[in-house]
Amino acid sequence: MTPRSPGRRLVLLGATGSIGTQTLEVLQRHPDVARVHGLAVGGGRPELAAAQVLESRPERLAISDPARAETVERAVLAACAGAGVRAPRIEAGPAAVVDLAGALGAEDVVLNAITGSVGLLPTLAALSSGARLALANKESLVVGGELVTAAAAEGQILPVDSEHTAIAQALAGVRHDQIDHLEVTASGGPFRGRTREQLRAVTPEQALAHPTWSMGRVITTNSATLVNKALEVIEACYQFALPEERVRVVVHPQSIVHSMVTLVDGSTIAQASPPDMRHAIGWALAHPEKLPGLATPLDFSAAQTWTFEPVDEETFPAIALARAAHREGGGAMAVYNAVNEEAVDAFFDGSLSFLGITALIEEVLALPDRPRVGRADGVEGLLALETWARDAARTLLAARES
Ligand code: NAD
Ligand code: MG
């Protein structure tokens, strides 16, 4: 039996992506968790957006890319007319997504599954509306950590990231002063065990072959460089109010133990389940209820081995770079993330090597004229810094090509 949340509404941002589609699958199996009020999509998959509208019948649809809005709108209107159902109110542009993110209230939930720091403004809008924020868009917490945590009420953000969802579960009944440190697990990605020399010529196709998770393009590439783990360390610092030296990383290639908490008394609490993001999604939507049958339970009647090993920090410098940037503050993590987003695009269009991704982050962070921002500069200051970082990255990339 599914726990009832009478009247709870959901706004789903990034509906046609990997997390977005899995969220709708969870709702299909557990329709009483929430009623879909609005969907926001980028605009790249019009037919999928139309099918989602037919299936979940939202009142509103926001399309972030104005250049694709007409195509999406046409597909949605045709599908609705064909099925004889009322079409949602359709709006286009990034501001429409932010507006939708802030449209609900304290009884409701916004699931932010947008990729990239473009998710920051919708995150802030959702928080100021008072709705629960189920947060897959880790970039908004990493980039705007101070602003986002200052805007969030206690318990308002529920992480939708297998590691952080695991830690939140392990922390049930634990006081903050009883935590010694967190152990964030990492699969190690497709290139675990390789040397830098062996990584020189890897291609985007090889980087996209993740051993345990099927995800969007950016996060999959980030898993190969370990930038994803680096972002997750900082995400954990803000989500659980801990300094970075108390957030450790351990490689666990099976991706069964999703993370652990070691307490001051020396015991370690782990959360384990098969790798399936629908568990993290359903947990965040239904908390504190538990949705029956959300994950397939582990079967211990079959022999299995779970292994743990340290990260090869020499081959994968991404985590150490992020720790240093986070310690420095002043928006350095916003620079880190923005340069990474540019670098991933350059890697896919063939103008940057795999090892060049973290090298570019390091290079931009080391620029002597890098601006610093503080909380007083607000979100505008942060966005201006991001623009500076993207420009700096593009300038360095252009110089490499010429
Ligand atoms: P994805 O690329 O599959 O999907 C992202 C979606 O967001 C796309 O459909 C895109 O069209 C849409 N989008 C982009 N800009 C938008 C905007 N301004 N407004 C509305 N929609 C917009 O990515 P994903 O793998 O689903 O990841 C989404 C987020 O969740 C990322 O931050 C990622 O790090 C995080 N996450 C993903 C997984 C996973 O298993 N996929 C696990 C943990 C965390
Ligand atoms: Mg994760």
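Start at 1 and go down the list; that is how both ligands and their atoms are numbered. Position 1 is the first residue of the sequence; numbering continues from there.
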* To do: Can you run down the salt bridge (Lys or Arg N to Asp or Glu O under 4.0 Å) pairs that involve residues 352-363, sequence neighbours left out, and say none if there aren't any?
  => Glu363-Arg400
* Asked: For ligand 1, which part of Met215 has a heavy atom less than 4.0 Å away: the side chain, the backbone, both, or neither?
  -> both
* To do: Counting heavy atoms only, name the option from Glu139, Arg217, Met277, Glu163 that's nearest to atom 32 (O) of ligand 1.
  => Glu139
* Asked: For atom 6 (C) of ligand 1, which of Ala113, Gly44, Gly93, Gly42 has the closest heavy atom?
  -> Ala113
* Asked: Are Ile114 and ligand 1 in contact, using a heavy-atom cut-off of under 4.0 Å?
  -> yes
* What part of Ile19, side chain from CB on, backbone N/CA/C/O, both or neither, has a heavy atom under 4.0 Å from ligand 1? -> both
* Asp99/Arg60 salt bridge by N-O under 4.0 Å criterion -> yes
* Asked: So how many protein N, O or S atoms does the Mg ion (ligand 2) have within less than 2.8 Å?
  -> 3
* Structure fact -> By side chain to side chain donor-acceptor pair (under 3.5 Å), Thr387 pairs with (sequence neighbours left out) none
* Structure fact -> the protein heavy atom lying closest to atom 34 (O) of ligand 1 turns out to be Lys138 CE, 3.2 Å
* Could you tell me which non-hydrogen atom of Gln239 sits nearest to which non-hydrogen atom of Pro159, and how far apart they are? => NE2-CD, 3.7 Å
* Asked: Short list, please: which atoms of ligand 1 are under 4.0 Å from a heavy atom of Asn137?
  -> 32 (O)
* Are Arg390 and Glu341 ion-paired here, with the side-chain N under 4.0 Å from a carboxylate O? -> yes
* Structure fact -> Going by the 4.0 angstrom heavy-atom rule, the piece of Arg45 near ligand 1 is neither
* Going by the order shown, which atoms of ligand 1 are within less than 4.0 Å of some heavy atom of Thr16? -> 9 (O)
* Options Thr220, Leu121, Thr115, ranked by nearest heavy atom to atom 1 (P) of ligand 1, top entry -> Thr115
* Residue among Val251, Thr315, Ile319, Asp312 satisfying side chain to side chain contact (heavy atoms under 4.5 Å, CB included) with Leu226 -> Ile319
* Asked: Ion pair present between Glu59 and Arg9, side-chain N to carboxylate O less than 4.0 angstrom?
  -> no
* To do: Inspect the contact between Arg217 and Asp345 and indicate whether a charged nitrogen and a carboxylate oxygen are less than 4.0 angstrom apart.
  => yes
* **For ligand 1, the portion of Val41 having any non-hydrogen atom under 4.0 Å away** => backbone
* Can you tell which part of Ile219 has a heavy atom less than 4.0 Å from ligand 1: side chain, backbone, both or neither? -> side chain
* Please work out whether any backbone atom (N, CA, C, O) or any side-chain heavy atom from C-beta onward of Ser18 is under 4.0 Å from ligand 1, and answer side chain, backbone, both or neither. => both
* Work out which heavy atom in Ser259 is nearest to a heavy atom in Ala166; give both atom names and the distance. => N-CB, 3.8 Å
* Closest non-hydrogen protein atom to atom 43 (C) of ligand 1, residue and atom name please, with distance? -> Asp161 OD1, 3.2 Å
* To do: Heavy atoms only: give me the nearest Tyr238-Glu146 pair and the separation to one decimal.
  => CE2-N, 3.9 Å
* Minimum heavy-atom distance between Cys80 and Pro88, given as atom pair plus value -> SG-CD, 4.2 Å
* Under the ring pair (Phe, Tyr, Trp, His ring centres under 6.0 Å) rule, what pairs show up with a residue in residues 152-190, not counting sequence neighbours? -> none
